[in-house]
*Asks:* 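Here you go, one structure.
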Amino acid sequence: MEPINAPESIDLISLAPVLVLSVFAMAVLVLDLFAGKNKALVVFVSITGLFLSGVSALAKYKLPVYSFNDSYVVDHLSVFFIFLFTLSSALAILLSIEYNRREGIRMGEYYSLILFCTIGMILLASSTDLIMIFLGIEIVSICLYVLAGIRRRDLKSNESALKYFLLGAFATGFLLYGMALVYGTTGSTNLMKIATAIHEGNVNSMPLLLLGVVLLVVGFGFKVSSAPFHMWTPDVYQGAPTPVTAFMAVGPKAAAFAALFRVFTQSLPELDSTWEMVLIVVAVLTMVVGNLGAIMQTNVKRLLAFSSVSHVGYILMAVIAKNSIATASLLFYMLAYAFMIFGVFGIIIMMGREGEENLEIENYAGLGYKHPLLALSMTAFLLSLGGLPPFAGFVAKFYIFSAALKEGLLALVVIAVLNSAISFYYYLKIIVFMYMKEPQQEIRVSLSPITLFVVTVSLIATIQLGIFPDPIIALAQN
Amino acid sequence: MELLTFYPLAGFSILLALGVVINKSPIGSALCLIGMMLGLAGIFAMQQAHFIAILQVVIYAGAIMVLFMFVIMLLNLKGTGAEWRSRERNTLLTVLTAFLALGVLYKIVDIILEIDLDSPAKVADTFGTAAVIGETLFTDFVLPFEVASILLLAAMVGAVVLAKTKLD
Amino acid sequence: MLLNLTFLIPLFPLVGSIINGFFGLKLGEKKVGLIASAAVLLSFLTTILVFIGFLMLPEGEHAFKQTLFTWMVAGDFHVNFAFQIDNLSLVMMSFVTGVGFLIHVYSTGYMHGEYSFYRFFAYLNLFMFAMLLLVMGSNFLIMFIGWEGVGCCSYFLIGYYFEKKSACDAGTKAFVVNRVGDFAFLLAVMYIFSIFGTIEYSEVFHAAPEKLIFGGEVVTIITLLLFVGATGKSAQIPLYTWLPDAMEGPTPVSALIHAATMVTAGVFMVVRCNPLFNLAPDTMLVVAFVGAGTALFAATIGMTQFDIKRVLAYSTVSQIGYMFLACGVGAYTAAIFHMVTHAFFKACLFLGSGSVIHGLEGEQDMRKMGNIKGDQPITYMTFLISTLAIAGIPPLSGFFSKDEVLYHALTDGNIILWGMGISAALLTAFYMFRLVFMTFHGESRVDPSVHVHESPKVMTMPLVILAGLATVGGLLGIPLFHGWHLLHNWLEPVIHFDLASALHHSEHLLHEAGRHAPVWTHLLVEKEHNVWLEIFLMLFSSVVAITGIALAYIFYVKRPDLPDKLTEGQWGYDIVKNKYLVDELYDDTIVKPTVEGSKLLWKQCDARGIDGVVNGVARIIGWFSDRGKAFQSGFVRNYALFIVVGFIALLLIAI
Amino acid sequence: MVPLSHYLLLSAALFMIGVVGVLVRRNAIVVFMSIEIMLNAVNISLIAFDKYLNQHDGQVFSFMVMCVAAAEVSVGLAIIISMFRNKPTVNLDEFNIMKW
């Protein structure tokens, strides 16, 4: 038997962030056996791993670099996303410390699962091959199914995991079918080759390809939680442990968006007349459903789940616009959103009590006088989510809207702006409760220094990105 | 000639798949599923995908379905209780859903039948052998292959975390 | 160079706000008040320095731009964080910081002993910061930040007494109604960007006549969107409902935000964008009629109110209507002039009413006031002067500015606009003196347990200064002879508009598009400044104002004691009865229908109509939201079904 | 020679059967099995396309699908087990604490 020569395109350096994280994830698993009940070491190792992984994303300096038979790429988009993922995972881990102590989650596997999930996200954002994207999505999803259900004794957490799992696997079926059809009609799983095949008219059957594209929209639509595939979001967000909810709302969603963006703009740009219309419908529906859903909510986590659905609607506009501003605005929005979400959830965790209690809006009554600074930060985050200047949320929204406007999507922008006006209604509801209602019960806030640190960092970033967004935008624009 | 083997195999698989959905008891469903998977292995083999056909038997029928059976028995789900049966029965919903599915299927069939099919390329003798698949896996698709190990590791860790009896 | 100090002007209040917000609780009342007032005083003084610097600019330069940093860059989209100092922004900055300072000083007295004193001043300083951004920004986006910022501060300050449910509701209402306007404004900004590729004022306004067709739909849509934004912030029909409710806030807030500064932001914005508005005659007509309509409408409602602050609130709505009327007929100077004088006398009136409320220990109902002029002499005198000013009695400031508005309404607009304006003037004189008479004159209806007292010096001093300004403010624009109008000469570089060249460009643009230009020659006819007409109008409106005052005197000073005489003196019955009949007749034929009519108008239009629409929209959205909940059933099967249904729907769309 | 369309039809039919199974069944394990049918259906398409195109990418893809299926099964069954400990049922309709 003749020996198999390793292909030249194997480039382990471009894979550095994944490798570093894999090593650390396994190290965490092993260390956990010796660490005992104190998880400080495990946390420290995890954070170090994430940091090193983020740094190693810079290993390649002449971008873009394609490797592994063009199925893996290091370009500016993926480097930016790797930073975002490592940052958001680190923040999620920091948020978890206090929460896990309170809820009695003492499993070191928790941290390694977050690291594994981050590996999946990095793969998702850097892959240019349908098989890799599929695997990336599955790594992310499987870790999230487990993380959602990690409070094993809690029925809500179980239910959240079960719902997420069954629906996620169901949606994976659609996604996979779509990928299979795209492969079959274009003859390749590589995004660039698919684009070439479509460009050269080298397609077996156009209708079948379009069917595949619609199935891809369904599958990705589920993963980014856009309407009408969003129904799992509120239930899962509510039931999952709060730090996991924050984690889910940022990293995996951004990763799914990265893949969605790559698949639709890099491999299917010639079919944009089809998917653009489909995505416009989805985006509008997502905004409206998210906002309407949020209005009547009384549980803060559920409210934020619906609000995150509406944000997905805005972000989809960037994919639809697909010009140079759109890419930058997508990245910027994701980053700004990450800080807002971690800030809000940090405060939610501090307000929470053992057993996922104290999550109703009424529980926030009177926070304004008891902890004015905390309430002020919460107000800043909520107003930023609503898109009020001078916070990051405004700049992010403004960017996406102007990107869409540049493509002449006036009607879409009008709907989006109107929706963001409606969204103030429910963000204000929380603010009103904090400042203008008598407290129903004694307010007891667990001011753990690490959680406070996360909130402070998020607050500074939210304001910083709102007032001096330029450096980040310059970075995102490359 | 091939059609003669294809139709029985396809019919067998579809019937068993329907059996999975219709069967009242989970055990029955699982048995039907195993049968269906064996049928599909035959279909794969027909297309010279011998390696995948064997994997289908080993992984699906051999590993995955065993896990299913194991869990069903562990949870002791008989699924024969009258209460359970009445819960499962919802004729209207079933009929509506079936109609919906048939509609979609019709559309898909429509699309598939529209394809203008050239006669497929003559494939080499080595097509679908373990050697060729292995070579592809370790050259062009070495990254997915390695990433799959991360996936399996993560899944293993996750399953252990959720299912282990002792909570620490 | 003095102009380089510009960035300090908004910085001072921001710093003050941060200090008070974070350390206010520890600093104590005195220091908090001192810091807040000092911050605004410093920015007022800096404004004066910048003003001097601006005057020293070489001949021919009419604007100074200070770029602090680049805010956003996206492709060819470039926004600087920059301030623009020109004739218009200097006027605004001066009176915003000046009046703002006086109100800060007043507040230290008024808010004495309040629950969270520091919070109030932190917000108030933050408001000053946002308002200064609004007027000083050099592009639409900075203005928008200020625009949102003032709205936000206003929301917090209205809801300051958050223990009161009405205050919270009012705050939320103000915020939500304002969002509607802001939404239009933001759309306008984006539209401007998509056409001009920039949102810097200087570049947009310079390019406007060359890129936009006079009276074309593009410029009409942009200006209409901008105007909708202005109606939200400046409380014009149909978005005015939040302002009267906003009176739930502390009185100094009403004076600063809901009378002098924030609510005039819409007028400022229209004046700022005058190069765009000048190109859109249709929008101008809308602006003029909305302004005149609001002036008249709000004045009628003002007559029916008994809450002293609500009367003033409706009066504010009405006076801002005048400003928009002036904008609508192209008399931007008159609009700014009235804005400045209005800031003086309306701030004085609000602070005066605050002093009254303070003296009466929180009473706001005019039916429980009366004859307190002796107890509060300073308040009374300043209040009277300001009332005379708002009523338009010469030679007080309101007289000049209002007459200028009305003169332009007649000469540049039409007789209907003027008629609406002059009717509103009559009503203004009437209801303002009704307010004065019910509060300070006549029988005392004050609760005997209340000891009426004059307010402390820290509160009366601002009143005196503002009353003084309200008296002499008219000197800014002695109207009679061309060339004497200080404000007009000053603002000339900002509002200069070359119609002929704009028309020329439009003809060119239309020609390029292969369309025929309409006949515009009649627009180019120069109008003579008719001194005699102006003098006549002045006399006429003085007479109208005096009539209004006289009517108020009859009905609120003379008449209330008539019924008493009637019952006690049987012997003089006939005579009294005859006299009474005259009054009665008068009452039945003129006053009652008017009052009833306006009450009806208020109840139907205001409370049910427009308020109803606002609440109705909220309710409809709520209803949908509620129904939508049913889909979120919690069953996995249903969720999966939605995925499939969504798939089918998308399939139908795509293929 | 079996034409490609036959395989695709079989694949579509099995996929839809799986979808119907997810929609109508309430037993979590049976729903899960229906999802497995869907994945298998996709494998048929992949391999049929592979033969048609004379490539091996599809077979690699279906190999990965099997890996994923195995991973999903282990995690999914673990979730069902951990849930069963708190509430001894696999009826999905009993799991709707969180709604609206």
Side-chain angles (χ1 to χ4, degrees), chain A residues 1-2 4-7 9-10 15 18 21-22 25-26 29 37 67-72 104 106-110 112-113 115-117 119-120 123 127 129 131-132 134-136 138-140 142-147 149-150 152-153 158 161 177 181 185 189-190 204-208 210-211, chain B residues 17 47 49 52 64 68 71 75 97 101 103-121 126 129-168:
Chain A
M1 192 164 170
E2 53 190 303
I4 298 170
N5 293 321
S9 64
I10 287 183
L15 207 57
V18 175
L21 263 190
S22 312
M26 286 182 256
L29 276 180
K37 290 210 168 162
S67 54
F68 294 100
N69 205 12
D70 290 352
S71 67
Y72 188 89
R106 281 191 227 94
M107 286 167 269
E109 289 90 345
Y110 178 93
S112 69
L113 278 171
L115 296 191
F116 278 125
C117 193
I119 296 173
L123 290 172
S127 300
D129 190 285
I131 297 180
M132 285 296 298
F134 176 65
L135 285 174
E138 279 309 308
I139 295 179
V140 171
I142 282 178
C143 294
L144 287 183
Y145 303 149
V146 178
L147 285 171
I150 205 149
R152 291 168 37 181
R153 292 213 185 90
N158 290 331
Y177 199 22
L181 291 182
T185 46
T189 54
N190 187 291
N204 290 331
S205 154
M206 210 53 183
L208 208 55
L210 291 184
L211 176 66
Chain B
Q47 292 169 297
I52 297 296
I64 295 180
F68 264 110
V71 169
L75 303 185
T97 317
V104 180
L105 192 58
Y106 173 76
K107 182 82 193 166
I108 297 176
V109 168
D110 206 37
I111 292 170
I112 291 174
L113 290 180
E114 263 177 41
I115 313 174
D116 183 26
L117 290 166
D118 318 326
S119 59
T126 51
T129 57
V132 179
I133 302 282
E135 189 175 339
T136 320
L137 259 183
F138 283 104
T139 54
D140 291 352
F141 292 97
V142 64
L143 184 61
F145 184 75
E146 298 300 336
V147 165
S149 62
I150 298 179
L151 171 76
L152 290 172
L153 179 60
M156 197 177 75
V157 172
V160 170
V161 166
L162 286 180
K164 71 177 165 188
T165 37
K166 216 181 77 194
L167 278 168
D168 47 4

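All values below were derived from every heavy atom in this structure, side-chain atoms included, with hydrogens, water molecules and symmetry-related copies excluded. Every chain is numbered from 1 and lettered A, B, ... according to where its sequence line falls, protein lines coming before strand lines.
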*Asks:* Counting only non-hydrogen atoms closer than 4.5 Å, does A:Ile131 touch chain B with its backbone (N, CA, C, O), its side chain (CB onward), both, or neither?
*Replies:*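 Side chain of A:Ile131 only, per the 4.5 Å heavy-atom cut-off to chain B.
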*Asks:* Using non-hydrogen atoms and a 4.5 Å limit, figure out which bit of A:Leu147 sits close to chain B: side chain, backbone, both or neither.
*Replies:*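 Nothing of A:Leu147, per the 4.5 Å heavy-atom cut-off to chain B.
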*Asks:* What part of A:Leu115 gets closer than 4.5 Å to chain B, counting heavy atoms only: side chain, backbone, both or neither?
*Replies:*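 For A:Leu115, neither part sits under 4.5 Å from chain B.
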*Asks:* Is A:Met206 close to chain B through its backbone or its side chain, or both, or neither, when contacts mean heavy atoms under 4.5 Å?
*Replies:*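 Answer is neither: A:Met206 stays 4.5 Å or more from chain B.
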*Asks:* If you measure from CD on B:Glu146 to CG on A:Leu15, what distance do you get to the nearest 0.5 Å?
*Replies:*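 Taking CD in B:Glu146 and CG in A:Leu15, the distance rounds to 9.5 Å.
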*Asks:* Taking all non-hydrogen atoms of both residues into account, name the closest pair between A:Ser22 and B:Ile150 and its distance.
*Replies:*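 Closest approach of A:Ser22 to B:Ile150, heavy atoms only: OG-CD1, 3.8 Å.
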*Asks:* What is the minimum heavy-atom distance between B:Val161 and A:Met107, and which atoms define it?
*Replies:*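 Distance-wise, the nearest heavy atoms are CG1-SD, 3.5 Å.
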*Asks:* Looking only at heavy atoms, what is the nearest atom pair of B:Leu162 and A:Gly149, with distance?
*Replies:*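 Reported closest heavy-atom pair: CD2-O, 3.4 Å.
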*Asks:* Please state whether the side chain, the backbone, both or neither of A:Ser112 comes within less than 4.5 Å of a heavy atom of chain B.
*Replies:*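 For A:Ser112, the contact with chain B is made by the side chain alone.
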*Asks:* Side chain to side chain contact (heavy atoms under 4.5 Å, CB included) with B:Leu151: which of A:Leu123, A:Val140, A:Ile139?
*Replies:*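 Only one option passes, and that is A:Ile139.
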*Asks:* Atom CG of B:Asp140 and atom CG of A:Asn69: how far apart are they, to the nearest 0.5 Å?
*Replies:*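 CG of A:Asn69 is found 4.5 Å from CG of B:Asp140.
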*Asks:* Below 4.5 Å, heavy-atom pairs only: which of B:Ile108, B:Leu152, B:Leu143 has the largest tally toward chain A?
*Replies:*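 Winner by heavy-atom pair count: B:Leu143.
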*Asks:* What part of A:Thr189 gets within 4.5 angstrom of chain B, counting heavy atoms only: side chain, backbone, both, or neither?
*Replies:*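 The side chain, not the backbone.
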*Asks:* Looking at A:Arg152 and B:Ala163, would you say the former's side chain and the latter's main chain have a donor-acceptor pair under 3.5 Å?
*Replies:*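 Between the backbone of B:Ala163 and the side chain of A:Arg152 there is no qualifying donor-acceptor contact (under 3.5 Å).
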*Asks:* Check the pair B:Leu153, A:Met26 against side-chain contact (heavy atoms from CB on, under 4.5 Å), reporting the backbone distance first and the verdict last.
*Replies:* CA-CA 9 Å; B:Leu153 179 60; A:Met26 286 182 256; 3.8 Å; yes
